[in-house]
Structures are given as structure tokens and as C-alpha cells.
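As a basis for the values below, the full set of heavy atoms in this structure was taken, side chains included, without hydrogen atoms, waters or symmetry mates. Note that the structure is a prediction, hence the values are computed from the model and not measured.
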Protein chains: 2
Amino acid sequence: MEDGTSESLGYCADTGVDDDVLQWDQRADCEVRQILDRIADKWSLLVIALLDKRSLRFTELRRAIDGVSQRMLARTLRHLERDGLVSRTVHPTVPPRVDYALTPMGATLHTTIRALVDWTEEHQNAIAAARAAYDRRVAAEQEAAEREEAERLAVARAVLPVRG
Amino acid sequence: MEDGTSESLGYCADTGVDDDVLQWDQRADCEVRQILDRIADKWSLLVIALLDKRSLRFTELRRAIDGVSQRMLARTLRHLERDGLVSRTVHPTVPPRVDYALTPMGATLHTTIRALVDWTEEHQNAIAAARAAYDRRVAAEQEAAEREEAERLAVARAVLPVRG
DNA sequence: CGGTATCCCCTAAGATACTG
DNA sequence: CAGTATCTTAGGGGATACCG
């Protein structure tokens, strides 16, 4: 057993904080937050995406997901299995064969995740543009700052007598 | 400048891989993946959540989000600003005042994220139950394995002569 | 107030090797 | 094939100190 969720998490009851802006619970130990962190995880997202079409074997997933290590895939799958999002079926053949599939709950999650990915795809150009614009702005500001700095130095040298 | 997205990312064109199961691009350098990783980030999610209601100052955000360090909040905000999801407005007063707000694009993202959070809230009980069931199963299996092991040891001791 | 710069720790994740 | 165990490292993230 490597970790678990065993620390003192519990349901996050309203602490009665003044601010009602907090529509979602911000506290670090909140259960919702914790679930969110897990399913929004890089590999989880991809695994759920892939399993939507059909069940897959361990190695099929491994090959399908570029860059995932054996360790991380196993870990991710066990997490998803524990959360009841993915089912694991062992066929007692030789060589062994293990199939992973979405559970009904996992399938409902897929829909939601899909929306997020769609959003990302729709806006990726806009985001790229925003980044480029931001970077240009920053670069310009930095250049300006450097020019100003150089000028100040030049003035200082002109005013002070040269020593040595 | 701390990092950036400057490496050779580029749009991930279809590499013509055989498998059409890959509805989303899995390659580690994929732009969509990279954006997803950023917005699915723990702090980003919360910042976007909070800014939906109204614009907030740095310190307001800091206070609202339990457990965030100054460094991480600043980092997160700069990322979001760079991606065009959050706008940053400096009021040249003294003491300085900086307001953060969602851009129109940020607002659309909020809707999508909200769906994800809703899903999580709806299913958190089911997930908790699944986890409990899983943990019980694992515990039972482990116990069984230990019993078996103990038995094997007992048999071995009974067969082998006691040395020393 | 609203940051940036610095140091430092600790864990998540990759690489590697071994097992049923 | 489908994993687990072990080692190691990069970098996420906290604490602190200082600037405009």
C-alpha cells in the first residue's frame, strides 16, 4: 500500500466563515477538492478518454498514452478502480490478460470531461494568441527597463569624475 | 522569467498513427494536454471559481483560498493572465491596488469547470462508498494472503528438523 | 499592498530491475 | 503480460527576506 486517503479528511462542513463568495470549499482538506485533483489528473483524464470507446488491456493503454510510465499507469488505474470509475477484469489465461473498462459512473464522468476538453480545443488558438501577446508585452517592458537602466548608468558616468 | 511554454510545442498534427481510438491527442507535447494541465491545476480552478462572482484583489484571493502561498498565488495569477483568462488591473494609488477579474474567455471556462465540480459533488458519496468497498476488499485479500503464508511456514517447520 | 528573489525541502514521477 | 519494489532526481511548493 503506497498511500491512500486515510488521513483526517472527512466531509468539509461549512465552517461558517463570513465570506459567501466561497461557493466551493477552498480548504485544502476538502473532499471535493481532493476528488477533483484526482480526476483532473493528467493521466486519469486520458485513461477515461480512451476507455470510453471500448475496454482496453494494460499494454494497449500504455502504448496509446505517449509518455506514461508503467508505474504511473498502474497507479492511475488503481486509483480509478478504487474510486469506482474503472473496472478491472482479470482473465486467468496464460499469458495473463487484464481488461479495463469504464463503470457506469465512469461513463457519466466522461461526458463532463469531454466538455472540458472541447472547451480547450475550441479556445486553444485564442490562448496561444493571448500568450504570444503577453510575451511580447513582457519582452517590450523588459527592453524598456534595460534602456532606462543603461541611460542612468551613462548619466552617472558623465557626472562622476573618472577615478583610476 | 521562471519558465514559459517556449519549448518546441506547436500544434499537434495527426501523426497518422494506426489507432483511431485516440480521439484526443495523447502525445506529451500536445498543446491541448498542456493547457488542460494548467487549467485543471488546483489553484487555477479555485481562482477561476472565486473570480466568477466579482473581481478581487490579490490579498482577498489570498485570504479566500486556504493554504495558498503568496508565491503560488502570484504564479497562478500570472499564468492565468498570460493565457488570457484573467485580467490584471493596477490602480496607481497608494497603497497600490491590483484587481483581478475573469476575461470573457475566462467566464466561459468557468461554466465548464462548474460542470466538473457539480459532477464531483453529485458523486462524492458514491466515490466514498466505492473507496470503502475497495479498501475492504484489499484488506480481506491481504489478510487471506497472510494466513496462507503463516500456514506455509507452519508446514515447513513441521517437516524440517529443528536446527539449533 | 503587491509583489519578486532566494533558499530549501519533500514528494511525485521516471528509470530500472525483479516476480507471478 | 501485468504488474510490484527500489532507487534517484526534478521541480512543486513553503518560508523567508527584501523592493516599489
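One finds no side-chain N or O of B/Arg62 lying less than 4.0 angstrom from the OP1 or OP2 phosphate oxygen of C/dC1. Between B/Ser69 and D/dA15 there is no side-chain N or O to OP1 or OP2 distance below 4.0 Å. Contact check, A/Arg88 against D/dG3: a side-chain N or O comes under 4.0 Å of OP1 or OP2. Note on A/Arg75: every side-chain N or O is 4.0 Å or more away from OP1 and OP2 of D/dG3. Between B/Arg57 and C/dG2 there is a side-chain polar atom (N or O) within less than 4.0 angstrom of OP1 or OP2. Taking side-chain N and O atoms only, A/Tyr100 has no distance below 4.0 Å to OP1 or OP2 of D/dC1.
Rounding to whole angstrom units, CG of residue B/Asp41 and P of C/dA12 are separated by 15 Å. The nearest whole Å value for the distance from the CE atom in B/Met72 to the P atom in D/dG11 is 14 Å. In this structure, the NE2 atom of B/His79 is 12 Å from the C1' atom of D/dG11, given to the nearest Å. Taking atom CZ of residue A/Arg71 and atom C1' of nucleotide D/dA2, one finds them 16 Å apart after rounding to whole Å. Here C/dT11 presents its C1' atom at 15 Å from CG of A/Asp37, a figure rounded to the nearest Å.
Between A/Asp135 and A/Arg137, no side-chain nitrogen of the basic residue sits less than 4.0 Å from a carboxylate oxygen of the acidic one, so the salt-bridge criterion is not met.
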